[in-house]
Visitor: 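Before I ask anything, let me first share the structure, which is written out below as structure tokens.
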Amino acid sequence: MPGPVRTRFAPSPTGYMHIGGLRTALYAYLLAKQNNGKFILRIEDTDQERYVDGAVEVIYRTLKMAGLNYDEGPDIGGSFGPYIQSQRQSLYQEHAAKLVELGGAYYCFCSAERLDNLRKEAEERKEIFQYDGLCNKLSTEEIKSRLANGDPYIIRQNIPTGGQTSYNDEVYGAITVENSQLDENVLLKSDGLPTYNFANVIDDHLMDITHVIRGNEYLSQTPKYCLLYRSFGWEEPKYVHVSQIIRPDGKKLSKRTGDASFDDFYNKGFLTEAIVNYIALLGWNSKDDRELFALSELTEAFSIAGLSKSPAIFDPDKLKWMNGEYIRKLALEQFNDLAKPYYQKAIKRTDIDFIKLSKLVQLRTEILSDIPAIVDFIDALPEYDVSLYVNKKMKTDLAVSLESLKPALAELEKLGSWEHQDIHDTLFKLIEQKGLKTGQMLWPIRTALSGKESSPGGAIDLAEVLGKEETLRRIRLGVVFIESKTIV
RNA sequence: GUCCCCAUCGACUAGUGGUUAGGUCACCACUCUUUCAAGGUGGCGGCACGGGUUCGAAUCCCGUUGGGGACGCCA
């Protein structure tokens, strides 16, 4: 009878949340939650040279934002702690010593210089460096005396010389590697801290992790970890290796290109829910053509069987589309709150009703950062070419435009109420009186009000948002503008 | 270089021996319409290649090619 499902997300604190890492966390969370299991956060900070200030907080914050609430972790505790590897040093040391006893590892006193030389020689011979096993031949007495002497040492994994090692991956199936291909990696460093190669095994076992979910860059490393479990006589977890996410140019998503971290996307105006939904689909599908999933729906629908083996290219276009879907689903007030900071970047006027504006903008926004460009005409009428008034489809030319703008101006000036309905009725009455096509009246007005080829609403919408005074001013400007171009 | 893995429209993918190879994004057209969007309808577009196995292969096997990954006292 297997115990409850326990999965873990084990990032190293690098200072940002890689989008691929977030997806791994997502899958780990989903697998745990759909089985009523536990999702655990563990910080892998065994490389003290890589320490980055505040990096752990980025991890906490991002997981929180994404809704991937963990059941155990450094900041919330749990009965398998500590959850920060640098605080588990003694555990690794005990287990390393134990592993040496069991024959799965050995002390190594080789200097960094000797290793460097070996590496160089191998390079010259165009071979790949593998440790030559020198210290594995040391006698027990010599090891004892050098240890007693205080010689610096590391602990290396002892790999069987012949044979092969296999395991079964839940996604990729049987993986088999010749033991001769496996390097005898350092398990415990000279600073007393473990390498990933050791710590992941110890911690996953000690924390009762049932499913190891990680990127498939570990696929060919895992046999080494299996050997470790077997040396200890421990039961191995299930392995779920997930394909990588790569860039449109086929390269790895890099931290430096500014398109790899969660914050990069968040700051560009993508919604957290959309990001989570989108990355879930990179390498996983529900097999039923559904694509829009809230986190809770993902939890229900997720399955290891839906995971794909081949790498997935991150497609910003599809993320944009999906983000648009999420934006349109927002309640008006919600959208307005999110849009406000962006409005304020482009609009200095204080008499604009943002809610009215949001009604127009929400439908036309794919990512929040589009907003300033959509509303840029509100503060100041942009310069535009008079030819904008000539529109074949709207059946307008300069003369028609003038003949529409002038009476519209006169009627609108008389208008007491500036409600959408009243503006509409006034203009449509005029259209009827003059026997015009709707567009012949409305296109020139829209043009005069926005100065743009496209605007986040039609003539009446814009008039309403701009207010009576500004609307009349811009129409007058339009009239003068057209006249100046037509009068010879 | 050695080893591991992968291979369906431009992208994400469904497909597990018999399908007109399906869906989504993007793209194009049409439609709706006071612009643009959004919505609706339709279209373009794919099984990398070569051998097998089989009555029959996108599906199974082998090879080729292409791609990704691993080979640190990084994770």
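Every chain is numbered from 1 and lettered A, B, ... according to where its sequence line falls, protein lines coming before strand lines. Model, not experiment: these values are computed from the prediction.
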Visitor: Rounding to an integer number of Å, can you tell me how far A:K224 NZ sits from B:rC73 P?
Guide: 10 Å

Visitor: Check the side chains of A:N185 and A:K224 for a donor-acceptor pair under 3.5 angstrom, ignoring hydrogens and angles.
Guide: yes

Visitor: Can you find an N or O donor on one side and an acceptor on the other, under 3.5 Å apart, linking the side chain of A:K437 with the base of B:rU34?
Guide: no

Visitor: So which nucleotide from B:rC3, B:rA7, B:rC12 ends up closest to the side chain of A:S310?
Guide: B:rA7

Visitor: Can you find an N or O donor on one side and an acceptor on the other, under 3.5 Å apart, linking the side chain of A:R290 with the base of B:rU24?
Guide: no

Visitor: When we call it a touch if two heavy atoms are under 4.0 Å apart, what does A:Y278 touch: a base, just sugar-phosphate, or nothing?
Guide: nothing

Visitor: Categorize A:A312 for me: base, sugar-phosphate, or nothing, with a 4.0 angstrom heavy-atom threshold over every strand shown.
Guide: sugar-phosphate

Visitor: If the cut-off is 4.0 Å, is A:T46 near the phosphate of B:rA75, judged by side-chain N/O to OP1 or OP2?
Guide: yes

Visitor: Please tell me if A:R119 has a side-chain N or O lying less than 4.0 Å from either OP1 or OP2 of B:rG72.
Guide: yes

Visitor: Using the P atom as the point on both nucleotides, what is the distance between B:rC73 and B:rC12, in whole Å?
Guide: 35 Å

Visitor: From CD of A:Q440 over to P of B:rU33, roughly how many Å is that when rounded to an integer?
Guide: 16 Å

Visitor: Is A:L281 touching bases, backbone alone, or none of the nucleic acid, heavy atoms closer than 4.0 Å?
Guide: sugar-phosphate

Visitor: In whole Å, I'd like the distance from the CD1 atom of A:I159 to the P atom of B:rC71.
Guide: 14 Å

Visitor: Mind checking A:E325 for me? I need base, sugar-phosphate or nothing, with any heavy atom below 4.0 Å counting as a touch.
Guide: sugar-phosphate

Visitor: Quick one: sort the A:F335 and A:Y343 rings into parallel, tilted or perpendicular, breaks at 30° and 60°.
Guide: perpendicular

Visitor: Side chain of A:K287, heavy atoms from C-beta onward: which of B:rC5, B:rA14, B:rU35 has the nearest atom to it?
Guide: B:rA14

Visitor: With rounding to the nearest 0.5 Å, note down the distance linking CG in A:L357 to CD in A:E464.
Guide: 10.5 Å

Visitor: Assign A:G283 to base, sugar-phosphate, or nothing according to its heavy-atom contacts below 4.0 angstrom with the strands shown.
Guide: sugar-phosphate

Visitor: With a 4.0 Å cut-off on heavy atoms, is A:S308 in touch with a base, just the backbone sugar-phosphate, or nothing at all?
Guide: sugar-phosphate

Visitor: Between A:N285 and B:rA14, is there a contact of a side-chain N or O with OP1 or OP2 at under 4.0 Å?
Guide: yes

Visitor: Quickly work out the A:D317 CG to B:rA26 C1' distance and round it to whole Å.
Guide: 6 Å

Visitor: Using the C1' atom in both, what is the distance from B:rU16 to B:rG68, to the nearest Å?
Guide: 24 Å

Visitor: Report the nucleotide, chosen from B:rC73, B:rG69, B:rA37, that has the shortest atom-to-atom distance to any side-chain atom of A:Q244.
Guide: B:rG69

Visitor: On a whole-Å scale, what distance lies between the C1' atoms belonging to B:rG1 and B:rG22?
Guide: 43 Å

Visitor: Distance between the P atoms of B:rU54 and B:rC71, in whole angstroms?
Guide: 44 Å

Visitor: Any idea which of B:rC4, B:rA75, B:rC73 is nearest the A:D47 side chain?
Guide: B:rA75

Visitor: Identify which nucleotide among B:rA75, B:rC73, B:rC5 has an atom closest to any side-chain atom of A:S190, counting heavy atoms from C-beta outward.
Guide: B:rC73

Visitor: Give, for atom OG1 of A:T426 and atom CG of A:L415, the distance between the pair rounded to the nearest 0.5 Å.
Guide: 4.0 Å

Visitor: Looking at the side chain of A:W321, which of B:rC25, B:rU33, B:rC6 is the nearest nucleotide?
Guide: B:rC25

Visitor: What's the closest nucleotide to the side chain of A:I460 if the choices are B:rC73, B:rU34, B:rC4?
Guide: B:rU34

Visitor: Rounded to the nearest 0.5 Å, how far does CE of A:M17 lie from CZ of A:F262?
Guide: 8.5 Å

Visitor: Please answer whether the main-chain N or O of A:K452 pairs with a side-chain N or O of A:S450 as donor and acceptor at a distance below 3.5 Å.
Guide: yes

Visitor: Heavy atoms under 4.0 Å, any strand shown: does A:K393 hit a base, just sugar-phosphate, or nothing?
Guide: base

Visitor: How would you label the contact of A:L219 with the nucleic acid (heavy atoms, under 4.0 Å): base, sugar-phosphate, or nothing?
Guide: sugar-phosphate

Visitor: Whole Å only: how far is the CG atom of A:L462 from the P atom of B:rA37?
Guide: 15 Å

Visitor: Taking the C1' atom of each, how far is B:rG45 from B:rC4, in whole Å?
Guide: 33 Å

Visitor: Rounded to the nearest angstrom, tell me the gap between atom CG in A:L193 and atom P in B:rC74.
Guide: 9 Å

Visitor: Could you state the atom-to-atom distance from CD of A:Q130 to C1' of B:rG72 in whole Å?
Guide: 13 Å

Visitor: Could you check which of B:rA75, B:rC12, B:rC73 has an atom nearest any side-chain atom of A:I313?
Guide: B:rC12

Visitor: Mind telling me whether A:Y239 and A:Y167 have parallel, tilted or perpendicular rings, with 30° and 60° as the class edges?
Guide: perpendicular

Visitor: With P as the reference atom in both, quote the distance from B:rG40 to B:rA26 in angstrom, rounded to an integer.
Guide: 12 Å

Visitor: Does the side chain of A:S455 get closer than 4.0 angstrom to OP1 or OP2 of B:rC36 through an N or O atom?
Guide: no

Visitor: So which nucleotide from B:rA75, B:rC3, B:rC36 ends up closest to the side chain of A:S12?
Guide: B:rA75

Visitor: Of the options B:rG23, B:rC12, B:rA75, whose atoms approach the side-chain atoms of A:D289 most closely?
Guide: B:rG23

Visitor: Taking any heavy-atom pair under 4.0 Å as a contact, classify A:M394: base, sugar-phosphate, or nothing.
Guide: sugar-phosphate

Visitor: Whether A:K189 contacts B:rC74 is assessed here as follows: a side-chain N or O lying under 4.0 Å from the phosphate OP1 or OP2. Is that the case?
Guide: yes

Visitor: Mind checking if A:T447 touches a base, just sugar-phosphate, or nothing, with heavy atoms under 4.0 Å?
Guide: nothing

Visitor: Mind calculating the distance between CZ (A:F9) and P (B:rA75) to the nearest angstrom?
Guide: 15 Å

Visitor: I need the A:L187 CG to A:L228 CG distance, nearest 0.5 Å.
Guide: 5.0 Å

Visitor: If B:rA7 has a Watson-Crick or G-U wobble mate with both distances under 3.5 Å, name it; if not, just say none.
Guide: B:rU65

Visitor: B:rC27 and B:rA11: how far apart are their C1' atoms, nearest whole angstrom?
Guide: 12 Å

